[in-house]
Amino acid sequence: MSRILITGITGQDGSYLAEQLLAEGHEVHGTALRSDEAVPGATLHSIDLSTPGIAELIRAVEPHEVYNLAAISSVFGSWQQPAVTAAINGVAVAEMLAALRELADSGHPVRFVQASSAEIFGIPAEVPQNERTAIRPTSPYGASKAYAHSLVNVYRTAGVWASACILYNHESPRRPEQFVTRKITASAARIALGLQDRLELGNLAARRDWGWAPDYADALRRAARAETPDDYVIATGVAHSVEEFVAAAFSRVGIDDWRSVVSVSDEFLRSGDAPQQLGDSSHAREVLGWRPTVDFEGIVAAMVDADLEALR
Ligand code: GDP
C-alpha cells in the first residue's frame with residue numbers, strides 16, 4: 001500500500017484516479033480549492049494552488065506518489081485569466097518539483113506524474129503528434145502547460161522521478177459544461193426533453209482526439225509504476241470533428257435534423273484553435289501496456305445517456 005497525493009482530486013480526472021487508487025487499497029490524499037467537496041475514502045486538503053503552500057503539504061503528507069491534476073483546465077478560460085492560469089498550471093508545479101528534489105536528496109524519493117496536454121503543441125505542423133513534436137503553444141493554457149512540461153524534464157534530468165503524460169481531450173459524464181462535448185450532450189438531452197430550444201457553438205470543423213477519461217486516469221497510474229520516468233502521449237489515435245460529435249449526440253436522443261436546433265456564434269470562437277489534434281500513443285502502448293477501452297461512439301452514448309438519466 002502506498003500513500004498518494006492527487007492535486008485537483010475533485011475534478012473529472014482526479015475523482016476517477018482516486019477511485020482507481022482506492023480500489024487498489026492505497027491511502028489517498030487530495031487537494032481541492034473548496035473545502036465543501038468530497039471524494040469518499042480520500043483525505044481532502046483545502047488549498048489554493050495560485051498561492052504558495054503545496055511544498056509544505058507534500059512534506060506533511062510524505063507521499064510515495066504525487067499526481068498533479070490541478071489546473072485551470074479550460075483553454076477558453078485561460079484567455080480570461082492568464083495570470084492565474086500561469087500560477088496554478090505553472091508556478092505551482094515548480095514549487096512541487098523543488099519540494100520533491102529536496103525529498104529525493106534527503107533519501108525519500110517520490111514519484112511524480114504531471115498531467116501535460118496536447119495544447120503544448122499549439123497548431124501542430126505534424127500529424128499525428130508524438131513525444132518529439134515541437135512544443136509551440138497558441139494559448140495561455142498551452143503556454144502554462146508547456147512551461148510545466150519543460151520543468152518536468154528539467155527536474156527529471158536533475159534526479160527527480162518525474163513523468164509527463166501528454167493527455168489529449170478526454171471526456172466523461174463528469175466533464176463540466178464549459179467543454180464542448182458535455183455542452184453538446186447536456187444540451188441534446190435538454191432539447192430532446194423540451195427543456196431547451198437551441199444550442200450555440202463555435203468552431204464545428206475543429207477535429208479532436210477524444211478519449212474516455214477513466215482510461216486516461218489508468219494511463220497516469222501506469223506511468224507512475226513504470227521502471228523509469230518518461231514522457232508519454234496518451235491519445236486514441238482517432239480524430240472526429242465537433243460537427244461529428246454533434247450529429248452523434250443528437251442522433252442518440254432521436255433528433256436526426258440537428259441543424260434545425262444548432263447554430264454557430266462568434267462568441268465561442270477562439271484565437272489559436274488547432275484545426276486538428278491527433279495523438280500517436282505508440283510509446284505508451286509499448287512501454288506502459290496502455291490502450292483506450294471506449295471508442296468515440298461509446299463515449300457519446302455514455303455521456304448522452306447519463307445526461308438523459310439525470311434529467312428524468
Ligand atoms: P479544450 O480546447 O481542450 O479545452 O476542449 P473544449 O472541449 O473546450 O474544445 C474542444 C474544441 O471544440 C475546440 O476546438 C473548440 O474551439 C471547439 N468548440 C466549438 N464550439 C465550442 C463551444 O461552444 N465551447 C467549447 N468549449 N468549445 C467549442
Side-chain angles (χ1 to χ4, degrees), residues 8 11-13 69-82 84-85 88-89 115-124 127 129 133 135-146 148-149 165-191 196-213 216 233-236 238-250 258-259 261-279 296 299-300 302-304 307:
Q12 170 186 258
D13 298 353
L69 309 186
I72 296 288
S73 60
S74 152
V75 175
F76 195 70
S78 78
W79 287 100
Q80 266 85 51
Q81 334 178 51
V84 180
T85 300
I88 296 175
N89 299 9
S116 196
S117 164
E119 289 289 326
I120 66 176
F121 302 134
I123 298 178
V127 179
Q129 300 88 50
T133 296
I135 295 176
R136 258 187 325 219
T138 49
S139 69
Y141 173 87
S144 69
K145 284 287 181 179
H149 188 81
C165 289
I166 304 167
L167 305 175
Y168 280 63
N169 292 50
H170 44 288
E171 317 298 317
S172 76
R174 297 185 192 174
R175 194 68 147 150
E177 276 191 52
Q178 82 219 49
F179 294 91
V180 77
T181 55
R182 185 74 199 292
K183 181 177 172 181
I184 294 166
T185 63
S187 293
R190 287 193 293 260
I191 290 170
Q196 182 179 319
D197 294 331
R198 303 192 55 79
L199 167 61
E200 282 197 341
L201 294 168
N203 182 8
L204 296 185
R207 299 180 69 82
R208 289 291 179 273
D209 182 329
W210 281 297
W212 180 238
Y216 290 57
V233 162
I234 306 298
T236 68
V238 181
H240 289 273
S241 66
V242 172
E243 182 170 320
E244 285 163 3
F245 197 103
V246 169
F250 278 87
W258 59 267
R259 284 175 208 279
V261 285
V262 174
S263 48
V264 170
S265 161
D266 287 353
E267 190 190 332
F268 301 111
L269 297 176
R270 39 171 106 149
S271 172
D273 200 30
Q276 156 139 292
Q277 287 179 357
L278 184 67
F296 178 76
I299 293 166
V300 175
M303 291 177 71
V304 170
D307 280 319

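Note that ligands are numbered from 1 as they come in the structure, with each ligand's atoms numbered from 1 the same way.
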By side-chain hydrogen bond (donor to acceptor under 3.5 Å, both in side chains), Gln196 pairs with (sequence neighbours left out) Ser187, Arg190
The answer, listing residues by chain and number that come under 4.0 Å of ligand 1 through any heavy atom, is Val75, Asn169, Gln178, Phe179, Val180, Lys183, Leu201, Gly202, Asn203, Ala206, Arg208, Val242, Phe268, Arg270, Asp273
We want to know whether Gln276 and Arg207 form a side-chain donor-acceptor pair, criterion being a heavy-atom distance below 3.5 angstrom. yes
Sorted by chain and number, sequence neighbours left out, ring pair (Phe, Tyr, Trp, His ring centres under 6.0 Å) with Tyr216 holds for His170, Trp290
If you draw a 6.0 Å radius around CZ in Arg270, do more than 12 non-hydrogen atoms from other residues or ligands fall strictly inside? yes
Subject >> Whether Lys145 side chain and Ala115 backbone form a donor-acceptor pair below 3.5 Å >> reply: yes
By ring pair (Phe, Tyr, Trp, His ring centres under 6.0 Å), His240 pairs with (sequence neighbours left out) Phe296
